[in-house]
> 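First the structure, which I've put down as structure tokens, then a few questions once you've had a look.
Just so it is clear: chains get the letters A, B, ... in the order the sequence lines come, proteins before strands, and each one is counted from 1. Heavy atoms only: backbone and side chains are in, while hydrogens, waters and symmetry mates are out.
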2 protein chains.
Amino acid sequence: MDSSSTRRQATRQKLYEAAVTLIAEQGFSATTVDEIAERAGVAKGTVYYNFKSKTELFEELLRHGVGLLTASLQAAADETAERGGTKVEALDAMIRAGLDFIHRYPAFTQLYVAELWRTNRAWQSTLLVVRREAVAVVETVLRDAVAEGELSEEIDIPLTAAALVGMVLVAALDWQAFQSERSLDDVHAALSRLLHGRVSGR
Amino acid sequence: MDSSSTRRQATRQKLYEAAVTLIAEQGFSATTVDEIAERAGVAKGTVYYNFKSKTELFEELLRHGVGLLTASLQAAADETAERGGTKVEALDAMIRAGLDFIHRYPAFTQLYVAELWRTNRAWQSTLLVVRREAVAVVETVLRDAVAEGELSEEIDIPLTAAALVGMVLVAALDWQAFQSERSLDDVHAALSRLLHGRVSGR
DNA sequence: TATTTTGAACTGACTGGTCAGTACAAAAGA
DNA sequence: TCTTTTGTACTGACCAGTCAGTTCAAAATA
């Protein structure tokens, strides 16, 4: 179950990579299992040897991807804390980490956004769990920041967390799709400015 | 061309309404024309009498919906201007208008977000045009605000516009899907606070 | 007024193609 | 030897789009 699973693991990885780009481009239903297999350089039977169904492949892909994202957000927060930075600095580092992630895995992000708010879909419950994990990381830092007096006590933590995540998500996807000539630093600067309230005034 | 087109218009409207919820829930490819027809209380043939194809129905639906959105954003900006309000007040009014829109047409918003960043899809060019219209309204107000000294000259207009739109979009969808007990005023207040930079500090 | 005609709008059974999932024998690792 | 992958062929369900036929309100005619 270990020496042998290395090979399986590699096959699964290839399938994830093939599936994520195809589904991001075309959507889940418009993507065929034959396409995924072909792009992964694998026989169709192998897909079904490794995953119970097309839906299950997709659900595991979601778990896999969001796991990477939360890990990288958490790492950014932790590193800032170790360095003795403020909580607002931690938020800033997380924005950066989020942008990095989206830059590295654009297809995954696309697919996540496209599916997140759908109702009545098979993987809805998976998504709910996975979203909570990701948002929780942001909410925790916000809560700490309020506790330490860095942020106003009047902010609404769940709503502000959602707004911040949305800001990063949409700005990054837009950057990707419509303004790809801008640098990551530009995007980061614009978002950082909003976070610090340096938009209004002079 | 008027008395006769009334009936067609009514049928088309029914088809839009049926299609928008189904596609928001399930996605374009997973939604069948039979389902749309049934939900609209119309025979399948009627769909094809009124629209060239499933894709064309969807594209017209997109144009229809984004038209409503830009109109309401523009109206909010204009009203503020007439009242002699500042540009930042206009932005605030637009946030409100955006939230209202999403509240009224949640399914359309869902569907728009889900499709916007997909590449390689038939309606990509339609979306591009339609997105530009919507974002342009925000960018114009931002530009005016900078010109009148209300906002810092250092802000990056396209990126900030995208971030603001994203903030509203995602916060509203999240509110809808995961925090529906909150009031529209709560959501508006949280976003307004971010816009005015009253997050940090006390 | 009573009748016939017209044509836009609508209907629903049907078709041809597509695709998820299965089967399985043989080959390739490990 | 045991696990994993391959490749090909197959099935049955599902679905976009078609088309011959129906409906009906309003216009034309008598």
> If we ignore angles and hydrogens, is there a donor and acceptor under 3.5 Å between the side chains of B/Gln9 and B/Gln13?
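There is no such pair between these side chains.
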> For a quick check of understanding: with a heavy-atom distance under 4.0 Å over all strands, which category does B/Thr55 fall into, base, sugar-phosphate or nothing?
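Since no nucleic acid heavy atom lies under 4.0 Å of B/Thr55, the category is nothing.
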> So does B/Lys44 get a side-chain nitrogen or oxygen closer than 4.0 Å to the phosphate oxygens (OP1/OP2) of C/dG12?
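So the side chain of B/Lys44 is outside the cut-off, no N or O lying under 4.0 Å from OP1 or OP2 of C/dG12.
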> Tell me: CZ of B/Phe58 to P of D/dG17, nearest whole Å?
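My rounded result for the distance is 14 Å.
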> Atom CZ of B/Phe51 to atom P of D/dT18: distance rounded to whole Å?
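After rounding, the gap between these two atoms is 16 Å.
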> Would you tell me if any nitrogen or oxygen in the side chain of B/Asn50 comes within less than 4.0 Å of OP1 or OP2 on C/dA8?
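B/Asn50 to C/dA8 OP1/OP2: no side-chain N or O under 4.0 Å.
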> Write down the distance between CD (A/Glu56) and P (C/dG21), rounded to a whole number of angstrom.
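Those two atoms, CD and P, are 11 Å apart.
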> Quiz question: by atom type and distance under 3.5 Å, do the side chains of B/Ser192 and B/Arg96 form a donor-acceptor pair?
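Note: B/Ser192 and B/Arg96 side chains miss the donor-acceptor criterion.
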> Does A/Arg8 have a side-chain nitrogen or oxygen under 4.0 Å from the phosphate oxygens OP1 or OP2 of D/dT4?
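Checking A/Arg8 against D/dT4: at least one side-chain N or O falls below 4.0 Å of OP1 or OP2.
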> Please check if any side-chain donor atom of B/Glu89 sits under 3.5 Å from a side-chain acceptor atom of B/Thr80, or the reverse.
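No.
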> Distance check: side-chain N/O of B/Thr32 vs OP1/OP2 of D/dC14, anything under 4.0 Å?
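Answer no for this pair, as no side-chain N or O of B/Thr32 is under 4.0 Å from OP1 or OP2.
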> If you compare every side-chain N and O of B/Thr46 against the phosphate oxygens of C/dA9 (OP1, OP2), does one of them come in below 4.0 Å?
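So the side chain of B/Thr46 is outside the cut-off, no N or O lying under 4.0 Å from OP1 or OP2 of C/dA9.
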> A/Glu38 CD to D/dT6 C1': how many Å, rounded?
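Between C1' of D/dT6 and CD of A/Glu38: 15 Å.
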> Would you verify whether the NZ or CZ of B/Lys44 falls within 45 degrees of the ring axis of B/Tyr49 while also being under 6.0 Å from that six-membered ring's centre?
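The answer is no, since B/Lys44 fails at least one limit relative to B/Tyr49.
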> Hey, does B/Thr31 reach any base, or is it just sugar-phosphate, or nothing, if we go heavy atoms under 4.0 Å?
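Sugar-phosphate, backbone atoms only, no base.
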> Taking only side-chain nitrogens and oxygens of B/Tyr49, does any of them come within less than 4.0 Å of OP1 or OP2 of C/dA9?
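It does, given that an N or O in the side chain of B/Tyr49 lies less than 4.0 Å from OP1 or OP2 of C/dA9.
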> Quickly work out the A/Lys54 NZ to D/dA13 C1' distance and round it to whole Å.
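Interatomic distance, NZ of A/Lys54 to C1' of D/dA13: 14 Å.
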> Rounded off to whole Å, could you give me the CZ-to-P distance for the A/Arg7 and D/dT4 pair?
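Answer to the nearest Å: 8 Å.
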> Pick the nucleotide of DNA chain C nearest each of A/Phe28 and A/Gly45; which residue has the one closer to the 5' end?
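Closest to the 5' end, via its nearest nucleotide, is A/Phe28.
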> Is it the case that the side chain of B/Thr46 and the backbone of B/Val42 share a donor-acceptor pair, with hydrogens and angles ignored and the cut-off at 3.5 Å?
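Between the backbone of B/Val42 and the side chain of B/Thr46 there is no qualifying donor-acceptor contact (under 3.5 Å).
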> NA contact type, B/Val47, heavy-atom cut-off 4.0 Å: base, sugar-phosphate, or nothing?
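Contact class for B/Val47: none.
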> For the pair made of CG in A/Asp34 and P in D/dG7, what is the distance, rounded to whole Å?
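In whole Å, D/dG7 P lies 13 Å from A/Asp34 CG.
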> Give the rounded distance in Å between these two atoms: CD1 of A/Ile23 and P of C/dA20.
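One finds 11 Å between P of C/dA20 and CD1 of A/Ile23, rounded.
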> Are any of B/Tyr48's side-chain N or O atoms less than 4.0 Å away from OP1 or OP2 of D/dG17?
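Result: yes.
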